[in-house]
J.: 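Have a look at the structure that comes next, please.
Just so it is clear, the values below take in all heavy atoms, side chains as well, and ignore hydrogens, waters and symmetry mates. To find a chain, count down the sequence lines: A is the first, B the second, and so on, and within it residues start at 1.
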Number of protein chains: 4
Amino acid sequence: MAGSTFGDLFRVTNFGESHGPAIGCVIDGCPPGLALSESDIQPELDRRRPGTSRHVTQRNEPDAVEILSGVHEGLTTGTPIALLIRNTDQRSKDYGNLLDTFRPGHADYTYWRKYGHRDPRGGGRSSARLTAPMVAAGAVAKKWLREGHGTTFTGWMSALGPIEIPFDDAAQIPLNPFYAPNAGIVPQLEAYMDQLRRAGDSCGARIEVRAAGVPVGLGEPLFDKLDADIAYAMMGINAVKGVEIGDGFGVVAQRGSEHGDGLTPQGFASNHAGGVLGGISTGQDLVVRLAIKPTSSIRVPKPSIDRAGHPTVIETLGRHDPCVGIRATPIAEAMLALVVMDHVLRHRAQCGDVALPLPPIPAQAPGS
Amino acid sequence: MAGSTFGDLFRVTNFGESHGPAIGCVIDGCPPGLALSESDIQPELDRRRPGTSRHVTQRNEPDAVEILSGVHEGLTTGTPIALLIRNTDQRSKDYGNLLDTFRPGHADYTYWRKYGHRDPRGGGRSSARLTAPMVAAGAVAKKWLREGHGTTFTGWMSALGPIEIPFDDAAQIPLNPFYAPNAGIVPQLEAYMDQLRRAGDSCGARIEVRAAGVPVGLGEPLFDKLDADIAYAMMGINAVKGVEIGDGFGVVAQRGSEHGDGLTPQGFASNHAGGVLGGISTGQDLVVRLAIKPTSSIRVPKPSIDRAGHPTVIETLGRHDPCVGIRATPIAEAMLALVVMDHVLRHRAQCGDVALPLPPIPAQAPGS
Amino acid sequence: MAGSTFGDLFRVTNFGESHGPAIGCVIDGCPPGLALSESDIQPELDRRRPGTSRHVTQRNEPDAVEILSGVHEGLTTGTPIALLIRNTDQRSKDYGNLLDTFRPGHADYTYWRKYGHRDPRGGGRSSARLTAPMVAAGAVAKKWLREGHGTTFTGWMSALGPIEIPFDDAAQIPLNPFYAPNAGIVPQLEAYMDQLRRAGDSCGARIEVRAAGVPVGLGEPLFDKLDADIAYAMMGINAVKGVEIGDGFGVVAQRGSEHGDGLTPQGFASNHAGGVLGGISTGQDLVVRLAIKPTSSIRVPKPSIDRAGHPTVIETLGRHDPCVGIRATPIAEAMLALVVMDHVLRHRAQCGDVALPLPPIPAQAPGS
Amino acid sequence: MAGSTFGDLFRVTNFGESHGPAIGCVIDGCPPGLALSESDIQPELDRRRPGTSRHVTQRNEPDAVEILSGVHEGLTTGTPIALLIRNTDQRSKDYGNLLDTFRPGHADYTYWRKYGHRDPRGGGRSSARLTAPMVAAGAVAKKWLREGHGTTFTGWMSALGPIEIPFDDAAQIPLNPFYAPNAGIVPQLEAYMDQLRRAGDSCGARIEVRAAGVPVGLGEPLFDKLDADIAYAMMGINAVKGVEIGDGFGVVAQRGSEHGDGLTPQGFASNHAGGVLGGISTGQDLVVRLAIKPTSSIRVPKPSIDRAGHPTVIETLGRHDPCVGIRATPIAEAMLALVVMDHVLRHRAQCGDVALPLPPIPAQAPGS
C-alpha cells in the first residue's frame with residue numbers, strides 16, 4: 001500500500017515526478033460506453049496549468065494529455081484508461097543545489113528520512129505537479145457524473161491570505177485568475193499578490209468546493225463515510241492543513257437546536273450538515289472548505305541544515321506560486337468528483353442503481 | 001467495500017448495532033508476541049463508557065470485552081484478534097416510535113434512502129456506540145506502539161460550546177469528566193452543562209489530540225499521506241465536521257516566511273506543520289484538532305417529516321449525551337493510534353524497520 | 001494484509017482457532033433486504049459438521065451459529081453480518097505434547113518459523129475447523145444468488161483415493177456420507193475407508209463442484225479473472241494441492257480444433273472451457289475440480305524433529321478424518337458461491353445490473 | 001476492483017490493449033535503493049517476445065521498455081515505477097472482420113456480453129500481449145529477490161501436446177525455442193510443431209516453474225496463502241486451465257503415510273508439499289505446474305455465430321502462436337516472482353525482517 005492509488009472502484013493510480021520524463025495515471029473501473037477523448041480532459045488540465053497569469057509560477061508546461069488505452073472508437077471499453085503527460089519544461093539546474101539541504105516547509109527532510117534516496121528535482125514526487133493527472137482523472141469522473149446523474153462541481157477561493165472574498169456571483173469565477181466569485185475584489189487581490197511577490201514571500205488561502213445534484217445514499221456507515229473520504233481526498237492535496245464539511249469548525253459554538261437541519265415536505269429547511277448525515281449523502285449540496293498553507297518556496301531566507309546536520313540558510317529561487325491556493329480550485333473539484341464517482345459505483349455494487357425509489361420529498365430543498 | 005474495515009495492514013473490522021446482541025471487531029495483522037489480555041483493553045473502554053458522570057448519557061453498559069481469538073498463553077499469535085462486547089442495557093421502547101420519522105441531524109433519513117430497510121433502535125449502526133470496538137482496537141495499537149517505539153497519545157477538550165479551555169496541565173485531563181487540561185475552568189464547564197441539560201439542548205466541542213514519540217518517515221507520498229489518513233479517521237468519528245493538522249485553518253492568513261518550520265542542528269525550531277511534511281511524519285508531535293457538532297438528540301422540538309412525507313415534530317427523549325464531544329477524547333486518541341500503527345507496518349513493508357539510520361539531528365527539537 | 005478477509009465487495013473476515021473460545025466471521029457488503037435467519041445457515045454447517053458418520057472425525061461439535069448483527073426483523077440491513085460459533089468440544093490434552101514437535105504434512109513447522117509463537121491446540125489457526133465460518137458465509141451468498149439469479153451450486157466426490165466415482169445421479173449425493181453421485185459404489189468406498197482406518201492411514205480425494213445459472217459477464221479481464229479467483233479460493237481450502245477449470249490438465253494433450261467450444265444459434269455446442277472464457281463467465285456451468293491430499297494426522301509413525309532439531313517420531317492420535325476430502329464438498333460449494341457473489345457485486349458496480357440486454361442466443365446450450 | 005492491479009504491497013497496475021498506442025504498467029511499493037535501468041528489464045521481455053522462432057507468432061515487436069518514473073540516478077526511489085512499451089506492429093486489418101463474430105475459445109463473446117462495447121483488434125485487452133508488462137514487473141521483483149535473498153526462478157516446458165519432456169538438464173532450457181530442459185527431444189518437438197502448423201491447428205502444453213532460495217514463513221494462514229496466491233496468479237495467465245502445487249493431482253491416489261514430508265536434523269526428507277505447508281513457505285523449492293490450453297486462433301474452420309445470433313464459420317488467419325504454452329515459461333516465472341515479492345513485503349510488515357532467527361535445521365534439505 002505505497003499510496004499511489006486513489007479510490008476503490010474508480011481507481012486512479014498516479015505516477016511520475018516533477019522533472020522526470022513524464023507524469024500520468026491509470027484509471028481502472030470506469031464504466032464502459034462513455035464517450036471520451038483528449039478534448040474532454042484537456043480543458044480541465046488547462047485550468048490548473050502553470051504560466052496562465054503573473055500570479056502563478058511561470059514554469060511553462062503545455063500539459064498535453066495522451067490517452068494510451070481504454071478507449072476504442074471514442075467510447076470507453078471498461079478497461080484501464082491510461083493517461084500520459086510528458087514533462088517538457090524542466091530547469092533542473094534551478095534545484096540541483098537542494099540535494100544536500102532541506103527546504104523548510106518542504107518534504108525534503110521527510111523523504112530523505114523515509115527513503116534514504118530521493119529525487120530532489122522540483123520536489124520530485126512531492127511536487128504539486130502530480131495533481132495534474134488527478135485533474136485529468138477527475139475530468140473523466142465529472143463527465144460521467146454529469147451525463148449520468150446531472151452532478152456538477154464548483155470551486156472558488158473564499159479567502160486569499162487575510163482577505164475574505166464574499167460570494168457574489170459564480171459566473172465571475174472563471175473570469176479572474178483567482179477563481180474569485182466576486183469581480184469587485186479582484187483589484188485588491190492583485191495588489192496584494194504583487195506586493196507579496198515583491199517581498200519574496202507567499203500567503204495561504206481558503207478554497208470552497210461544492211457538488212450539486214448528488215445522488216442520495218452515497219457513503220458507508222462506519223468507515224469510508226462520504227465526508228471521511230472527502231476529508232482524506234482534500235487533506236491529501238499538497239499544502240492543505242484543514243478540511244471542513246458544512247458548518248465545519250463553526251459547529252463548536254452551536255447548539256443542537258440551531259444546528260440540526262429540519263425536514264419539511266418541501267425538503268430540508270437548511271444545510272448546516274453540508275450534505276452528509278451519518279456519513280451518507282442527503283441529496284443536498286456537498287459543502288467543503290480547505291485551508292491551504294503559504295507556499296514554502298520563498299526568497300525570504302530561512303534557517304535550515306544540510307544532510308550532515310550543519311546549519312545553513314535557504315533562499316528558494318526557481319519559479320514558484322506565491323499562493324499555491326490559486327491553482328488548488330480545479331484540483332479540489334477534481335478530487336471531490338473522484339470521491340463521488342467512487343461512491344456511486346460502491347452504492348451500485350451493494351444497493352443496485354442509485355435511482356432509488358422516489359422519495360416522498362425532493363431530496364434538495366428549493367434555494368438550499 | 002461496504003466500509004466496516006479500518007486500516008490496511010493493521011485491519012480492524014467492526015460489527016454491530018446499538019441495540020443488537022453484541023458489538024465488536026476483528027483485528028487482523030497484529031504482530032505476534034505482544035503480551036495481551038482483556039486487562040490491557042478494558043481501561044480504555046472504561047474511559048469512553050457511558051454513565052460515568054451526570055454530563056454524559058445515563059445509559060449504563062459495563063462494556064466488558066472478551067478476547068475470542070488471536071491470543072495464546074497471553075501472547076498474540078499474529079492471527080486475528082476478535083473482540084466481543086455484549087450489549088446489555090437496551091431500552092428499545094425508547095426508540096420504537098422513531099421508525100417512521102427522521103430525527104433532524106441524524107442518519108435516519110439517509111439510511112432509509114440508502115438501504116430501504118434499517119434498524120432504528122438507538123440509531124442502529126449509526127450510533128456512537130460503535131466507536132467502542134475502535135477504542136478497544138486502539139488499546140492494542142497503543143500498547144504495541146508504546147512498548148516498541150515509545151509512542152504515546154494524549155487528547156483533551158480545548159473548547160466546550162462557546163467556552164475556550166486554555167491548556168494548563170496535562171495531569172488534570174483524567175481528573176475531570178470533560179478531559180479538560182485545566183482544573184480552574186471545570187466549575188464553569190459544569191455550570192454550562194447543567195444549564196444546557198435543563199434547556200433540553202446540546203452543544204458542540206473542539207478536541208485536540210497529539211502523538212509524541214512518532215517514528216520519522218511514516219506516511220505515503222501521494223495518497224495515504226499520514227495527514228490524509230488522520231483526516232479520514234477523524235472525520236469518520238460520529239459528529240465530526242472539521243479536522244485540522246498543525247496550524248490548520250490558521251494557515252490561511254499566514255505568510256510563508258512565518259509558517260515554514262526552520263531546521264537547526266538541535267532540531268526543528270517550531271511545529272506549525274503539526275508533525276507532517278509532504279504527508280510524511282517529521283518525528284515531531286502530531287497535532288490534530290476536531291470540531292464536533294452538537295448532539296442531534298435533543299428535547300427541543302424540531303420540524304421533521306414521516307416516511308410518507310407528512311410534516312411532524314420531533315422531541316427526542318431517551319438517554320443522550322448533551323455534548324457528544326465529551327466522550328470523543330478517548331475515541332480520537334484510539335483512531336490516531338490506529339492510523340500510526342497501520343503506517344508503522346506499511347513503512348516496515350516497503351522500507352524495512354522504522355529504526356532508520358540515525359539522523360544527523362534529533363528528530364524532535366527540545367521543548368517543541 | 002494478514003489474509004483473514006475473503007472477497008472484495010462481499011467481504012468475509014474470518015477469526016478463531018480450533019480450540020479457542022469461538023470461531024466466526026463478519027460479512028460486510030451483503031445487500032440489504034435479504035430474508036435471513038440462523039435457520040438459513042445452520043443446515044449448511046450441519047453438512048460439514050464432524051461426527052456425522054464413522055468415516056469422519058468423531059469430534060462432536062454442534063457448530064450452532066448465532067447472528068450477532070446486520071439483520072433486523074428478519075431482513076439484512078446492509079451492515080455487517082457477524083456470525084459466531086462457540087467451540088464446545090476441545091480435548092486440548094490430545095495435542096499438548098505437540099507444541100515442541102512438528103507433525104509431518106502439517107503447518108506446525110511453518111507457523112513456528114513465521115510467528116515464533118503459535119497455538120498448537122488442534123492445529124490452532126491452521127485447522128480445517130476454520131472452514132466452518134466460510135460455509136456459514138457461503139450459505140448467505142447461496143441464498144442471495146438463488147433468490148436473485150437462480151444460481152445453484154452442487155459438489156460431489158469424483159474419486160476417493162484410487163477409486164474413481166463415475167457420475168450417475170445427483171440425487172444420490174446427499175444420501176451417502178461421501179457425497180458420491182453414485183449409490184452402487186458406496187459399499188466399495190465404505191470398505192476402503194474401514195481398511196484405511198484399521199491401518200491408521202489416510203487417503204486423498206478429488207472433488208468436483210459446479211455452479212449452474214451463472215450470470216454472463218462475471219469476472220475481470222486481466223487479474224481477478226473469475227477462474228483465477230476460483231483457483232485462489234479452492235487452493236486456499238485446507239489440503240488442496242491442485243485446481244482445474246473445465247478440461248483442466250486434459251487440455252495439455254488436446255488440439256485447438258478439439259478444445260474450442262463452438263457457438264450455435266442454440267447456444268454453446270460444448271463446455272471444454274468450464275464456463276469461463278478470457279476470465280469472464282459465459283453463462284454455462286462453472287466446472288471446477290480439486291485435488292485434496294491425504295490427511296496428515298495418521299497413526300503410522302513418521303520421522304520428525306523437535307524445536308531443538310533433535311530427531312523424533314510422530315504418531316498422531318486424537319480424532320481425525322481419515323480422508324479430509326469427504327467433508328470438503330460443502331466447503332468447496334461455499335467458496336465457489338462466495339466467488340460468484342463477489343463478482344456479481346463487482347459487475348453491478350462497473351457495468352450496472354447483471355441483467356444485461358438479452359443475448360441473441362441462450363447463454364446456456366440445452367443439455368450442456 | 002476492475003482487476004487490473006496485481007499484488008497488495010508490491011502492486012502492479014497493468015494497462016493497454018493489443019493494438020492500442022501502448023501497453024505498460026505502474027509498480028507501486030518497490031523498496032527504495034534498488035539499482036535499476038531498462039537493461040535489467042529488457043532481457044526478460046526479449047525472452048517472451050514474439051517472432052523469435054518459427055514456432056511462435058511472426059508478429060514482430062521490439063517490445064522496448066521505457067522507465068517513466070520511480071528511478072533517480074540509477075536507483076529506485078520508493079515511488080511508482082511506470083514502465084511503457086509502445087505498440088509498433090499492428091496489422092489491425094487482420095482482425096477487422098471479427099468485430100461482429102465470436103471466435104470459439106476466445107473472449108470475444110464474454111467481453112461483448114460484459115461491456116457491450118469492446119476493442120476487437122488482436123483480442124484487445126484479452127490478448128496475451130498484456131503479459132509483457134507483467135514480465136517487465138517480474139524482472140524488477142526477480143532482481144530485488146535475487147540480490148536481497150538469493151531467490152531464483154526457473155521455468156520449463158514439461159509437456160508439448162502429447163509429448164512428455166523428461167527433465168534432463170536445466171542448462172538446456174535457454175538453448176532451444178521450447179524452454180525444454182532436454183536437448184535430445186527438441187527435434188521431435190520441432191517436427192510436431194511443423195506438422196501442427198501445416199494442419200492449421202494448435203496444441204496445449206504443461207509448464208513447470210520453481211523458485212529456489214525462498215525465505216521461510218511467507219504466506220498467510222487462511223486466505224492469501226502462498227499457494228492460493230500462486231494459483232490465482234497462474235490461473236490468471238492467458239489459456240491456463242489447471243494449476244498444481246507439489247504433487248498436485250497426484251495426491252488423490254496417495255496415502256498419508258506416503259505423502260507427508262518427514263523432517264530430519266538435516267532438513268526435510270522429501271518435498272511432496274511443493275514448498276508450502278498450511279499456506280506458508282517451508283524454505284524448500286516452490287514447485288508449480290500449469291496446464292495451458294491449445295491456442296484458440298486456428299485456421300481449422302469452427303462453427304460460430306454473429307452478434308445477431310446467425311450461424312457462421314470462423315477460420316482465424318492473422319499471425320498466431322500454434323502453442324501459446326511456448327512463450328508462457330517466462331510469464332509463469334514472472335508471476336511467481338511477483339507473488340513471492342509481495343509476500344516478502346507482507347511478511348516484513350507483520351513479522352519484521354524475513355531473516356528470522358536461524359532454524360535448528362537447514363530449511364532446505366540437501367538434494368531436495
Side-chain angles (χ1 to χ4, degrees), chain A residues 1-3 5 7-13 26-34 69-70 72 75-82 140-141 144-145 147-149 215-225 278-280 340-357, chain C residues 1-3 5 7-13 26-34 69-70 72 75-82 140-141 144-145 147-149 215-225 278-280 340-357:
Chain A
M1 322 303 280
T5 297
D8 290 305
L9 296 182
F10 190 85
R11 301 168 76 81
V12 183
T13 299
V26 180
I27 303 169
D28 197 23
C30 185
L34 175 70
S69 66
H72 179 61
L75 297 179
T76 58
T77 59
T79 57
I81 301 168
V140 179
W144 190 86
L145 288 166
E147 296 184 354
H149 300 283
V216 192
L218 304 185
E220 305 302 337
L222 207 67
F223 310 118
D224 302 351
K225 285 173 173 167
I280 301 173
V340 171
M341 179 82 202
D342 198 49
H343 276 282
V344 167
L345 300 189
R346 289 168 72 149
H347 184 89
R348 297 202 322 181
Q350 188 180 12
C351 302
D353 195 344
V354 292
L356 296 177
Chain C
M1 322 304 280
T5 297
D8 290 304
L9 296 182
F10 191 85
R11 302 168 76 81
V12 183
T13 298
V26 180
I27 304 170
D28 197 23
C30 185
L34 175 70
S69 65
H72 179 61
L75 298 179
T76 59
T77 60
T79 56
I81 301 168
V140 179
W144 191 87
L145 288 166
E147 296 185 352
H149 300 284
V216 192
L218 304 185
E220 305 302 337
L222 206 67
F223 310 119
D224 302 351
K225 286 173 173 167
I280 300 172
V340 171
M341 179 81 201
D342 198 49
H343 276 283
V344 167
L345 300 190
R346 289 168 72 149
H347 184 88
R348 297 200 326 180
Q350 188 181 11
C351 301
D353 196 344
V354 293
L356 296 177

J.: Which atom names give the shortest non-hydrogen contact between C/Q350 and A/P32, and what distance separates them?
T.: O-CD, 3.7 Å
J.: Between A/D8 and C/D8, is there a side-chain heavy-atom distance shorter than 4.5 Å?
T.: no
J.: Go through it in stages, so that I can follow the logic: the residues are A/L9 and C/L9, the test is side-chain contact (heavy atoms from CB on, under 4.5 Å), and I'd like the CA-CA distance, side-chain angles, deciding distance and then a yes or no.
T.: CA-CA 10 Å; A/L9 296 182; C/L9 296 182; 4.0 Å; yes
J.: Under 4.5 Å, counting heavy-atom pairs only, tell me which of C/P221, C/C30, C/G33 racks up the most with chain A.
T.: C/C30
J.: Over all heavy atoms of both residues, which pair between A/L345 and C/A349 is shortest? Give the atoms and the distance, please.
T.: CD2-O, 3.2 Å
